[in-house]
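Just so you know, these numbers use all the heavy atoms, side chains as well, and skip hydrogens, waters and symmetry mates. Every chain is numbered from 1, with letters handed out A, B, ... down the list of sequences.
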Amino acid sequence: MTGATIPEQATPPEAEADATVMVRAENVHKSSGHLEVLRGVDLEVRAGEVCCVLGPSGSGKSTFLRCINHLEKIDGGRIWVDDELVGYRERGGRLHELREKEVAAQRRSIGMVFQRFNLFPHMTALENVIEAPIRVRRESRAEARKRGTDLLERVGLADKVNTYPGKLSGGQQQRVAIARALAMRPKVMLFDEPTSALDPELVGEVLDVMKDLARDGMTMIVVTHEIGFAREVGDSLVFMDGGVVVESGLPREVIANPKHERTRAFLAKVL
Amino acid sequence: MSTEEATTVRARPEPIKAVPVRHPGRWVTIAVLAVLTAMFLHVLLTNDAFQWSFMIDNMFRPPIINGLVQGTVLMTVSAMVIGVGLGVAIAVMRLSTNPILRTVSWLYTWFFRAVPRLVLLAVFGNIGILWSRLEFGVPFDTQIGQLFGIDGMELRLFGFDSRDVLTGFMAGLLGLALSEAAYMAEIVRAGIQSVDPGQGEAAGALGMSRGQTLRRVVLPQAMRMIIPPTGNETIAMLKDTSLLMYVPVSMELFFQLDAVGKRTFQIFPMYVAACLWYLLLSSILLIGQYFLERHFGKGYGQTERARFRLRNLAAETGGGAAGAGGTVGGTPDGTGSGTGGTPG
């Protein structure tokens, strides 16, 4: 239990000693009301890895993702991001809840992209991107604007800098949302079904931005229904059902020969 | 493109010329209303009790205009300013995670919404009975002094005579503003709660604090919901200033009109004058509210298109003229196709 703070325990199995563990979840439990949404989720994502989480709706995959940045409180287990326990501090063998400020500080380094974009509608694309860097990271306005413009250019929206979200397509909005998360220089990016609310023809532009991010070595956890993306970009694939990880492994292998019956049934429906 | 051509090739059919549905009920209604209007006008013109010329001579007298400006209008503005400010604070307390603040806020709204304004004003007008002097300093100073055997210990910083401070205007302002704050708190709370919770989550995920989220993300969006009912509250407040005569506040429109009526034994014409004055003032506010609502919240939450139009309005503020001119009527300028239509 106390050994958990020392990450050495986890490293031996693989030969890749250089890749440190960025996100680690141990036996995560979460209930809402009488419903047990998560029933013991274990996960390990190394730095620079792209981990895709698949599963039917109601399998708890989105909930799990929201637990990683403490948008949801977990009832049991532990989650570490970059060796830091999320939402709690362990002291004298007891867990202490973190203060709101400390939670906010942790969230700074965890970027999140939502299914429904959640852009601030009263701010332009650039204002959306620079808001948190200015308010939270205390960057100067000029610095934030410069970096914000660069980020919007990177997601292919250089010409939409001063446009309000209401005038952007879904794909464009989601790309602004990605730029907004990147502006906080996160160590890890969480994607909660980033393309599920998009028209089919707009999915590609968002996935392209995400591929680009993966190529640059960003650690990413992606809850998605895009099997193609998982196969092509994912370094690992996790299949969840009923609040537990049913199967995990290399995306190609899991998709080609699912070992578990439930995985097989799900993939048969999706593919 | 080719399919479009195919459809345009076909000859346009003759426009439909159908017999419209008849509405005999409307004609009956018009007839009834015409008779009622005629009766009303007849009373206005023939009943001597109206004393029209007396009313017109007296309703613009200097004390009445003074009461209107220094009492009614000034009081409405001051009470609303305090009421809105305090109301926002109380709403934020109510939605806070701190259970103590939540309880205090609940108690406040419970009390000030339960007690009628008229009663509240009477209480504040007579609060001088409770304290002849209002003083600020260490609480329970005399009692603490007695504990240590000191008689009449007073640790006061400053104080006022109640009759100087809490009479007339100040007492009335206190009563109206505190009561208004309770109603405004409910409006602001509804406004805040109407904002998509995803907005707060997005801000939280970026590491923004609750305060920053509220100020920068939630409140600006809640304003669109808050402003239209605040307009209603302002109009209600304007009318409720007539209750000030029970404080009493003498420098106030209705008090002055009533005074003229009682002095001259021509009460009814002055009450009619009051109706006309409040009608005029409310109408001015209604016009203001119309423009405010059109700007901030017309049709908000009803149709997607209205919402997009709003965003475009927001997008074009600064160049506000474009928004004012362009949004009348249907505006089929394609703004409704925001999410799906335009590919990147």
N/O donor-acceptor pair under 3.5 Å between B:Gln212 side chain and A:Val136 backbone: no
A:His70 side chain to B:Ala205 backbone, donor-acceptor under 3.5 Å: no
So for [X], is it side chain, backbone, both, or neither that comes closer than 4.5 Å to the heavy atoms of chain B?
X: A:Glu131; result: side chain
X: A:Arg180; result: both
X: A:Phe120; result: both
X: A:Leu119; result: backbone
X: A:Ile110; result: backbone

In terms of heavy-atom contacts, does [atom1] of [X] have more than 12 from other residues, nucleotides or ligands at under 6.0 Å?
X: A:Arg154; atom1: CZ; answer: yes
X: B:Ile100; atom1: CD1; answer: no
X: A:Arg137; atom1: CZ; answer: yes

Chain B interface, residue from A:Arg135, A:Met184, A:Arg108 that has the most non-hydrogen pairs under 4.5 Å: A:Arg135
A:Lys101 side chain near B:Ser209 side chain, heavy-atom distance below 4.5 Å: no
Nearest heavy atoms of [X] and [Y], plus distance in Å:
X: A:Ala181; Y: B:Leu206; result: CA-CD2, 4.3 Å
X: B:Gly204; Y: A:Arg107; result: O-CD, 3.0 Å
X: B:Arg216; Y: A:Met123; result: O-CE, 3.5 Å

Contact class of B:Gln199 relative to chain A, heavy atoms under 4.5 angstrom: both
